[in-house]
Amino acid sequence: MHPHSSVLILGLGSWGQTLSYLFRQQGCAVRLWGRSQGALGKDLLDNIDLLVSALPIKAVRDVAQRVAALQPSPDVILVSATKGLEAETVSTAADIWQTYCPNQALVVLSGPNLAAEIQQGLPAAAVVGGQATATKQVQDLLGSATFRLYSNEDRRGVEMGGIFKNVIAIACGVNDGLGLGVNARSALITRGLVEMVRVGCHWGGEAATFYGLSGLGDLLATCTSSLSRNYQVGWHLGQGKSLPQALELTHGTAEGVNTALVLYRYAQHHGLEIPITAMVAAVLQEQLTPQAALTHLLERPFKPETTPC
Ligand SMILES: NC(=O)C1=CN([C@@H]2O[C@H](COP(=O)(O)OP(=O)(O)OC[C@H]3O[C@@H](n4cnc5c(N)ncnc54)[C@H](OP(=O)(O)O)[C@@H]3O)[C@@H](O)[C@H]2O)C=CC1
Ligand SMILES: O=C(CO)COP(=O)(O)O
């Protein structure tokens, strides 16, 4: 228990609420801020140990600027739990926080963490990515027998795993919405992991990280569970819905929708082959039907099974 530790959580969505539940279980004093509460006041930052961002990527830059203006103590550790890419700048959430709050120790939290299961008290594991002293402090504060936390110094890889898996979750949702079965879905997960490693290493992550909780672990959770919003979007597309209809039917943030387009453009620019992501991007832009995209993937030339990096 940590009765003297204080945590400020930014974002009142399903992940912010769930992290609040986990920190409170650990005995931390938790303050929550969401945009519905108005301006972020300086008093919210007083005497906190951790500042946890559970915002969707589209909100991070604006909030990070506001936090920076309030000049948090350099002792406060920043924890970014966002799994998305900013479309305009191709930045991750950690990139953005680093820009505005360069004096804070910064870690990312990622892994197979479907909020609804955690809120039921079911066990889960995750990884804290960042420099060793800060990750250890977060492990000690948030880790428990039901929320097992690993550390990993490869912050970039941990963050990229959580970002990339959302795109493959959409592909698997499409697969299941079309009724194509478990074999095809397993192939998408496995080949999706290859794409993640290829792009993630190019982005500065380490290959081994993608075989851990934030890469393979989160792929397995979100590519196989209808609790995942990204999977749900894909499933509705596979069922013949348009993207606006699929988004309307899905409650909450599905970061993979923008991420797929950003990653596709990034890979094209750098000459990286990511065919599943390319097909997800084509379906999201209504350039191909889900069925045509699947057919396109299956008709690619045969090739050796290689592992990048
Ligand atoms: N849910 C999950 O299982 C997990 C989610 N994540 C990641 O956490 C992040 C947040 O996801 P999640 O909580 O599920 O999302 P939700 O859709 O549940 O909630 C999003 C929250 O962000 C707020 N918000 C939206 N735009 C802004 C803005 N411009 N400024 C301030 N706040 C804003 C919304 O406020 P309002 O209510 O006013 O619209 C809402 O409270 C995502 O990157 C997601 O990938 C990571 C792990 C697990
Ligand atoms: O990241 C998540 C679980 O680890 C949540 O997935 P969705 O955003 O697809 O719901």
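Just so you know, these numbers come straight off a predicted model, no measurement behind them. One-based numbering, in listed order, for ligands and for the atoms of each.
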Residue Glu248 excluded, over 12 heavy atoms near CD under 6.0 Å: no
Charged N to carboxylate O under 4.0 angstrom, Glu88 versus Arg61? no
Just to confirm my output: which protein heavy-atom neighbour is closest to atom 10 (C) of ligand 1, and how far is it? Ala54 O, 3.4 Å
So if I count the atoms of ligand 1 from 1 in the order they appear, which ones are less than 4.0 Å from some heavy atom of Ala115? 1 (N), 2 (C), 3 (O)
Contacting atoms of ligand 2, where contact means under 4.0 angstrom from a heavy atom of Asn230: 7 (P), 8 (O), 9 (O)
Within-cut-off N or O pair, Ala59 and ligand 1, under 3.5 Å: no
What pair of heavy atoms forms the shortest contact from Glu286 to Pro244, and how long is it? OE2-CD, 4.5 Å
Step by step, work out the side-chain contact (heavy atoms from CB on, under 4.5 Å) result for Val107 and Gln137. CA-CA 10 Å; Val107 303; Gln137 286 185 55; over 6 Å; no
Within 4.0 Å of atom 37 (O) of ligand 1 (strictly less), any protein heavy atom? no
Nearest heavy-atom contact between Asp176 and Gly181 is OD1-O, 4.3 Å
Within the 4.0 Å heavy-atom shell around Lys83, which atoms of ligand 2 are there? 1 (O), 2 (C), 3 (C), 4 (O)
In terms of residue, atom name and distance, what is the protein heavy atom nearest to atom 7 (C) of ligand 1? Ala81 O, 3.6 Å
Using heavy atoms and a threshold below 4.0 Å, how should the contact between Lys83 and ligand 1 be classified: side chain, backbone, both, or neither? both
Would you say that more than 12 heavy atoms from the other residues, nucleotides or ligands in this model lie under 6.0 Å from the CD of Gln71, or not? no
Count the heavy atoms belonging to other residues, nucleotides or ligands that lie under 6.0 Å from CH2 of Trp235, then report whether that count exceeds 12. no
Going by distance alone, is a donor N or O of one side chain under 3.5 Å from an acceptor N or O of the other, for Gln25 and Tyr21? yes
To check you understand the geometry: which heavy-atom pair defines the closest contact between Gly157 and Ser214, and what is its length? O-OG, 3.8 Å
Within the supplied structure, the quantity of interest is the number of heavy atoms (other residues, nucleotides, ligands) at a distance under 6.0 Å from His296 NE2; does it exceed 12? no
I need the nearest protein heavy-atom contact for atom 48 (C) of ligand 1: residue, atom name and distance, please. Asn113 O, 3.3 Å
Are any of the N/O atoms on Ser14, whether in the backbone or the side chain, positioned under 3.5 angstrom from an N/O atom of ligand 1? yes
Non-hydrogen atoms of His251 versus ligand 1: any pair closer than 4.0 Å? no
Whether the Thr133 and Gln131 side chains hold a donor-acceptor pair (N or O, under 3.5 Å, no angle test) is what I'd like checked. yes
Part of Asp218 with heavy atoms under 4.0 Å of ligand 2, whether side chain, backbone, both or neither: side chain
Should Gly11 be listed as contacting ligand 1, given a heavy-atom distance under 4.0 Å as the test? no
Is there a heavy atom of Asp62 sitting under 4.0 angstrom from any atom of ligand 1? no
Backbone, side chain, both or neither: what part of Lys165 comes under 4.0 angstrom of ligand 2, heavy atoms only? side chain
Could you check whether the rings of His270 and His202 sit parallel, tilted or perpendicular, using 30° and 60° as the cut-offs? tilted
Closest protein heavy atom (residue, atom, distance) for atom 41 (O) of ligand 1: Gly13 N, 3.2 Å
Can you report which non-hydrogen protein atom sits closest to atom 8 (O) of ligand 2, along with the distance? Arg229 NH2, 3.0 Å
Group every Ile, Leu, Val, Met, Phe, Trp and Tyr by side-chain heavy-atom contacts under 4.5 Å, then state whether Ile57 and Ile168 land in the same group. no
Protein residue, atom and distance nearest to atom 35 (O) of ligand 1, heavy-atom basis: Arg35 NE, 3.5 Å
Should you measure from each heavy atom of Gly252, which atoms of ligand 1 turn up under 4.0 Å away? 17 (O)
Closer than 4.0 angstrom: is that true for some heavy atom of Pro56 and an atom of ligand 1? yes
Please report whether ligand 1 has a polar contact with Val63, defined as an N or O pair separated by less than 3.5 Å (distance criterion only). no
For the student: nearest non-hydrogen atoms of Val138 and Leu149, plus distance: O-CD1, 3.9 Å
Atom 6 (N) of ligand 1: nearest protein contact (heavy atom, Å): Trp15 CD1, 3.6 Å
Enumerate the atoms of ligand 1 whose separation from the nearest heavy atom of Leu12 is less than 4.0 angstrom. 41 (O)
Backbone or side chain, does any N or O of Ser228 fall under 3.5 Å from an N or O of ligand 2? yes
More than 12 heavy atoms of other residues, nucleotides or ligands under 6.0 Å from CG of Asn47: is that the case? no
Considering both backbone and side-chain atoms of Thr253, is one of its nitrogen or oxygen atoms within less than 3.5 Å of a nitrogen or oxygen in ligand 1? yes
Checking Ser186 against Asn183: is there a side-chain donor and acceptor pair closer than 3.5 Å? no
How far is atom 11 (O) of ligand 1 from the closest protein heavy atom, and which atom is that? Arg229 NH2, 4.1 Å
Exercise: do Gln245 and Ser242 side chains pair donor with acceptor under 3.5 Å: yes
Among the heavy atoms of Gly84, does any lie under 4.0 Å from an atom of ligand 1? no
Can you sort out which atoms of ligand 2 are near Asn113, meaning under 4.0 Å from one of its heavy atoms? 3 (C), 4 (O)
If you scan protein heavy atoms around atom 43 (O) of ligand 1, the nearest is Glu255 OE2, 2.6 Å
Looking at ligand 2, would Gly111 count as a contact under a 4.0 Å heavy-atom criterion? yes
Lys58 neighbourhood, listing ligand 1 atoms whose heavy-atom distance to it stays under 4.0 Å: 26 (N)
Over 12 foreign heavy atoms within 6.0 Å of OH, Tyr264: no
